[in-house]
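Quick note: numbers below take in every heavy atom, side chains included, and nothing from hydrogens, waters or symmetry partners.
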Amino acid sequence: MSGSVIEESYHISLQNIRHRSQHINLEIEILLVIRGEIEVIVNQNSYHLAENDLLLINANHVHTIKGIKDNVVLLLQIPLSSIEQYYQGIHECYFDCCSTKEDNGLYFLYDQIRQLLAEILIAYYQKQDGSELEINSKIYKLVTLLIRNFKTTYLGKNQFLGMKDGRIRDILTFIEKNYRKPISLEEVAKQQYLSLHYLSRYFKQEVGVSFSQYVKQVRLKSAVQELLYTDYNIMQVAFNNGFPNAKAFNKAFKEVYQQTPAEYRGLHKKEPADVDELHHLSDEYTLLKSPSFLIEISKYIPPNEKELTLMESAVSEVHIDMPQEPIFVREKAHQLLVIGQLEYALHEEVQEELQLIQELLQFEYVYFTNLFSPTFKTTTPLLQTGGKFYQISALFSRFHKLGLVPFIRVEFEKEVKSSSNYIKLLEEFLQHSVRYFGSDFVGKWQFELAFTEWGGKSSTFYQDFYQTVKKWASAAKVGLHVPFSLQTGITASVTTFLKQFSNECELICFICNPNEQVDFTDMNNSTFESVKDLLTKSCINLKEKLQAVGLADRPIYLTNWNTLYGNTVNLSGSFFRSSLIFKDMFDVTKEIFGLGFWVDTHSLEKSNQEYEHIAMNGIALLYYYQLKRPAFFNIQLMAKMNSQILAEGEGFVLTKGEQGYQLAIYNTSYVNPSYSVENLFLRSLTKENRFVISGMPPGHYQIRRYILDRNNGAFYMNWLNFQRGDINDREIITFLKHRTYPELQIYEETIDSDLYLQSTLTLNAFHLFEIKPLVKK
């Protein structure tokens, strides 16, 4: 085995340790005591390790080791750089792995670590053909085990937690993760879909210093640690911390500390006061290479030589220190109930769906196209008595009674054969509506105009349309559908149109479907990771583009959207995705004004026949016979969450309101939906979540846990039990309606200081904890 491989990917050894002075490593270091005892001090925390005990020391943590008895210790060091190419988040990981805490029930996992360490050491010394491959495969297996089961987040100590600007938090986190490598403002601007000039000004405004100054501060702070606690030469310290050479490092260091790095090290490198008794000792340890120790190490490998199987569920633990103030207050987003064409509301089934949704979800708007459909032309003499708008007014009356306000989309090229005739008809209808419904109701209406060609006839029509609406209902809003994507932005013709009508455009609508960005025949999952946060990034980027044309303060509606779903109707059912729906809903409503959701007009959409994959382009709430889809329950559960966000991280959100606290946890998995038919793969994506919430007011609480997953809230999985037969039997329909619902668990708990919550989340599952204080009787 070549020395370069050992240095780049790992370093493993057996040692007899008498004393190792205070130092830091840039690697993860794992200690396993084979014999004897040692004392380890890590960042002022002391650990007493005896035979079979193991301890992981995180990278960049200052530590000292003192041998208590004659000992044999296995040390494995794994550089973060060797893992980063396969797991970019390794620099953000903090591992809480110490076997002396085995009261937490992780003894099986510690056995796996001991076995892997033993196998790595034996392979290292045996040096058989292929040992390098064997060793690295076991190291990656070990790191995977650590990531899935020992990764811990301490939000109470997160230096960026208090920042209300999520984008700045993301940028600062990116710098902390990547400062050891070359990073540039251009790279970050591209990631955030921002212009270079805007990001430069925005960063300095929010952080107080320029981007380059901040990066330099982070690098120098890390470099000082290495100067004090390692023996790396100045050039190596420079390279370790992202400086291109020793000259650049010296210049930057002297600007801040008024000394060269060498002068600073000479004056300040010393042992801290809490280990004064060891000052006179130099490092004393002996490398052990006797074959007898390999025999002793083999006790950690089962006699049958079968490898222990990793636990199926990944485990993550999060500690939250309850903040005094929320980090963000979320405005309530408006919800649009999309029914397709207005004439679909004539169907009894659609009317029943509207009734059901309003009883349980209470949407603000009903969104539709084709206001003046030929269907509404009155040819029957009896209907003519009620006037030409009788049927439309009857539908609008139903909407009004349900608490729904019309949000009317006008597709110019499809609906308008003659601009002058349409405007004349619109004026008649508005005049009639104000007289029939009153100006208060009509003043709440909203109009969205969608054009294929921009300029010329479109400009004239928009001007006439706007003036007509304002003449009869000055409070009603008129705006535009903007064709937009992250890849193409807004075209020049649309930009010109927006600038022309910046004063008359009162709202903006757009659509976004991440499924258009992926190739479902590609079995490489990194392809599907690319759609993560696509909706949120689209909203942010669109807002920036609108600001540039003078529309910064206009409300934005995402009228038609979706998550990753698959390329067949069956996959749209088997690929459970509530977690994806929740995350996108929660994230985009921080950026925009409203979201659209479909009722079941699936069977009515003739135009959908042209799509070979999915008939419905947007998120649908219901299926045939008013069967509730997971998105329906997503909205119900999300409504229980209050506007004050106390903490937010990967896979969870903690909120607070007058009735207590709410903890939402979700297992987002951006994988090829085809894998969702493979149970073995689904099990590998299951996650175990543990939360420790500190600082809650002591008292007696009722805790409700809602579980929305494949088995609780997905009618499709229940339908599979009937061999996918047609849903045309009343008894089956009734069964599915009663069976398809999130699970609810209720219990009470007295909290003195910390609250412990735990959940097992399957693929894209969403769980919500309601934590309500109980009043003493």
Side-chain angles (χ1 to χ4, degrees), residues 1-17 20 25-36 38 49 51-59 65 71-88 90-91 93 95 97 99 108-151 236 240 285-311 684:
M1 186 184 312
S2 67
S4 60
V5 174
I6 300 173
E7 291 175 4
E8 291 177 2
S9 59
Y10 65 91
H11 179 77
I12 190 167
S13 64
L14 279 177
Q15 298 184 13
N16 172 247
I17 300 175
R20 295 193 69 175
N25 294 323
L26 301 184
E27 309 92 355
I28 297 168
E29 184 172 283
I30 304 175
L31 310 177
L32 172 60
V33 179
I34 310 301
R35 184 193 302 167
I38 62 173
L49 305 182
E51 185 172 336
N52 299 326
D53 286 339
L54 60 86
L55 172 69
L56 184 147
I57 302 172
N58 288 277
I65 306 175
N71 58 73
V72 177
V73 182
L74 187 156
L75 288 89
L76 174 64
Q77 295 174 339
I78 307 172
L80 301 184
S81 57
S82 67
I83 306 301
E84 184 184 21
Q85 59 180 318
Y86 306 108
Y87 186 76
Q88 293 185 353
I90 190 63
H91 292 277
C93 290
F95 299 108
C97 179
S99 64
F108 182 64
L109 292 170
Y110 289 120
D111 282 346
Q112 294 178 64
I113 296 174
R114 293 184 185 101
Q115 178 181 336
L116 286 168
L117 290 172
E119 291 174 342
I120 292 168
L121 186 76
I122 291 172
Y124 173 74
Y125 279 110
Q126 286 182 336
K127 292 182 173 61
Q128 295 183 356
D129 190 22
S131 287
E132 294 176 11
L133 292 173
E134 181 184 1
I135 291 167
N136 281 287
S137 70
K138 293 184 184 299
I139 286 175
Y140 294 140
K141 188 174 182 180
L142 172 57
V143 175
T144 302
L145 186 150
L146 292 171
I147 290 170
R148 292 182 176 175
N149 300 283
F150 293 92
K151 184 175 67 173
Q236 188 62 53
N240 287 347
Y285 60 91
T286 304
L287 294 176
L288 304 172
K289 298 183 179 180
S290 170
S292 63
F293 291 118
L294 295 184
I295 298 173
E296 190 168 354
I297 287 290
S298 66
K299 68 183 179 183
Y300 297 113
I301 301 175
N304 57 9
E305 296 184 358
K306 290 184 178 180
E307 294 186 353
L308 295 171
T309 304
L310 290 174
M311 293 179 70
S684 71

So, for Y300 and Y110, is the gap between ring centers shorter than 6.0 Å?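 No, they do not, as the ring centres are separated by 6.0 Å or more.
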
I would like to know whether Q15 and L287 meet side chain to side chain contact (heavy atoms under 4.5 Å, CB included); could you show each step before the answer? CA-CA 5 Å; Q15 298 184 13; L287 294 176; 3.7 Å; yes

Could you walk me through whether V73 and L49 pass the side chain to side chain contact (heavy atoms under 4.5 Å, CB included) test, one step at a time? CA-CA 10 Å; V73 182; L49 305 182; over 6 Å; no

Which atom of [X] lies closest to which atom of [Y], heavy atoms considered:
{"X": "L54", "Y": "C97", "result": "CD1-SG, 3.8 Å"}
{"X": "R114", "Y": "N52", "result": "NE-O, 2.8 Å"}
{"X": "S82", "Y": "Q85", "result": "O-NE2, 4.0 Å"}
{"X": "I113", "Y": "F150", "result": "CD1-CE1, 3.9 Å"}
{"X": "E51", "Y": "I34", "result": "CG-O, 3.2 Å"}
{"X": "D53", "Y": "S99", "result": "CA-OG, 3.3 Å"}

Rounded to the nearest 0.5 Å, what separates atom [atom1] in [X] from atom [atom2] in [Y]?
{"X": "S131", "Y": "N136", "atom1": "OG", "atom2": "CG", "result": "11.0 Å"}
{"X": "L56", "Y": "F95", "atom1": "CG", "atom2": "CZ", "result": "7.0 Å"}
{"X": "L14", "Y": "I12", "atom1": "CG", "atom2": "CD1", "result": "7.5 Å"}
{"X": "I120", "Y": "L74", "atom1": "CD1", "atom2": "CG", "result": "8.5 Å"}
{"X": "T144", "Y": "I139", "atom1": "OG1", "atom2": "CD1", "result": "11.5 Å"}
{"X": "I57", "Y": "Q77", "atom1": "CD1", "atom2": "CD", "result": "9.0 Å"}

Between N240 and Q236, a side-chain donor and acceptor under 3.5 Å: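 Yes, because at least one side-chain N or O of N240 sits under 3.5 Å from a partner of the opposite role on Q236.
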
Would you check, one step at a time, whether the test side chain to side chain contact (heavy atoms under 4.5 Å, CB included) holds for I65 with E29? CA-CA 12 Å; I65 306 175; E29 184 172 283; 4.3 Å; yes

Test item: N71 side-chain N/O and R35 main-chain N/O as donor-acceptor pair under 3.5 Å: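 No, the answer is negative, given that no donor and acceptor are paired below the 3.5 Å cut-off.
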
Given side chain to side chain contact (heavy atoms under 4.5 Å, CB included), test V143 with Y87 step by step and report yes or no. CA-CA 10 Å; V143 175; Y87 186 76; over 6 Å; no

